[in-house]
Amino acid sequence: MENASKALIIAGAILLAILLISLGIMIFNQAQDTVSNSGMSEAQITAFNNKFLKYEGNQKGTMVKSMIQEVLATNANQDVNGGLTVTVTFTGTNAPASGTTPSTSKIINKNSYSVKLDYSDGRVNKITIDGTFSS
């Protein structure tokens, strides 16, 4: 009889320990989701990034101009993107001013430009364009 009561106490303690560990893991996962959440779901981030992935690498000026038009449209449509914008930085010879409202006026159609995407919270937040621009 004494052994049975001790076994029940031990079983109860084990169940309580499992419950506390499960609760701790659940709280940790919720905190992790809150910290890493940028306000966009995975599908939204993928759709957002896919607009720019095709422009990454070496591109002709015409493609770079198309990408800048895409950036301008994205930045103008902030209410759909949760207030997120994309900044364009120009580097190279005669590079124009950088910012969230880039201009295509100094991009030469026949020139080749290097386009690099930078990510923050899993989404494209900065694009760097390197090359020779018109003066």
Side-chain angles (χ1 to χ4, degrees):
M1 187 70 153
E2 194 175 307
N3 288 339
S5 65
K6 284 185 180 180
L8 287 173
I9 290 172
I10 292 172
I14 290 172
L15 289 174
L16 187 59
I18 291 172
L19 178 68
L20 289 174
I21 291 171
S22 299
L23 183 63
I25 291 172
M26 185 179 75
I27 290 171
F28 176 77
N29 285 339
Q30 285 180 345
Q32 194 77 357
D33 289 342
T34 302
V35 169
S36 65
N37 190 2
S38 67
M40 297 175 82
S41 70
E42 284 294 321
Q44 289 172 321
I45 290 173
T46 301
F48 185 86
N49 288 343
N50 282 342
K51 293 188 283 188
F52 304 108
L53 287 176
K54 61 186 171 191
Y55 299 109
E56 192 169 27
N58 290 329
Q59 300 290 337
K60 289 289 187 189
T62 53
M63 288 296 288
V64 173
K65 286 182 177 182
S66 297
M67 181 195 62
I68 289 175
Q69 293 303 320
E70 187 75 43
V71 168
L72 291 172
T74 298
N75 289 349
N77 209 5
Q78 289 182 28
D79 53 334
V80 173
N81 300 323
L84 302 173
T85 59
V86 178
T87 303
V88 177
T89 303
F90 297 99
T91 59
T93 309
N94 298 324
S98 301
T100 55
T101 53
S103 171
T104 60
S105 62
K106 289 194 165 193
I107 295 174
I108 303 168
N109 288 342
K110 65 179 181 166
N111 281 8
S112 184
Y113 297 90
S114 173
V115 178
K116 181 179 178 254
L117 306 178
D118 292 323
Y119 298 87
S120 171
D121 293 330
R123 70 158 188 96
V124 174
N125 69 334
K126 180 180 174 186
I127 300 173
T128 304
I129 302 170
D130 184 40
T132 303
F133 301 89
S134 67
S135 49

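- The closest side-chain heavy-atom distance from N94 to S134 is not below 4.5 Å.
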Using distance only, find each side-chain donor-acceptor pair of residues 1-28 under 3.5 Å and give its atom names and separation, not counting sequence neighbours.
unit_1: S5; atom_1: OG; unit_2: E2; atom_2: O; d: 2.9
unit_1: S22; atom_1: OG; unit_2: I18; atom_2: O; d: 3.0

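- Under the salt bridge (charged side-chain N to carboxylate O under 4.0 Å, His left out) criterion, K116 pairs with D118, not counting sequence neighbours.
- Put simply, the side chain of V86 reaches to within 4.5 Å of the side chain of F48, judged on heavy atoms.
- For residues 86-105, the set of pairs meeting the ring pair (Phe, Tyr, Trp, His ring centres under 6.0 Å) definition, not counting sequence neighbours, comprises F90-F133.
- One distance of note links CG of L53 with OG1 of T46; it measures 9.0 Å at 0.5 Å rounding.
- The two atoms that bring K54 and Q59 nearest to each other are O-NE2, 3.5 Å, heavy atoms only.
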Pairs of donor and acceptor atoms involving the side chains of residues 105-113, under 3.5 Å and at least two apart or interchain, shall be tabulated with distances.
unit_1: S105; atom_1: OG; unit_2: S103; atom_2: OG; d: 3.0
unit_1: N109; atom_1: OD1; unit_2: K65; atom_2: NZ; d: 3.0
unit_1: N111; atom_1: ND2; unit_2: T132; atom_2: O; d: 3.0
unit_1: Y113; atom_1: OH; unit_2: I108; atom_2: N; d: 2.9
unit_1: Y113; atom_1: OH; unit_2: T132; atom_2: O; d: 2.9

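- Side-chain contact between I129 and V88 is present, with heavy atoms from C-beta onward closer than 4.5 Å.
- Partners of D130 under the salt bridge (charged side-chain N to carboxylate O under 4.0 Å, His left out) rule, at least two apart in sequence or in another chain, do not exist in this structure.
- For the atom pair CZ of R123 and CD of Q44, the computed distance is 12.0 Å after rounding to the nearest 0.5 Å.
- Contact annotation: the side chain of T74 approaches that of F52 to within less than 4.5 Å [non-hydrogen atoms, C-beta and beyond].
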Using side chain to side chain contact (heavy atoms under 4.5 Å, CB included), reason through N75 and T101 one step at a time and then give a plain yes or no. CA-CA 8 Å; N75 289 349; T101 53; 5.9 Å; no
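- Across every non-hydrogen atom of P102 and L72, the tightest pair is CD-CD2, 3.7 Å.
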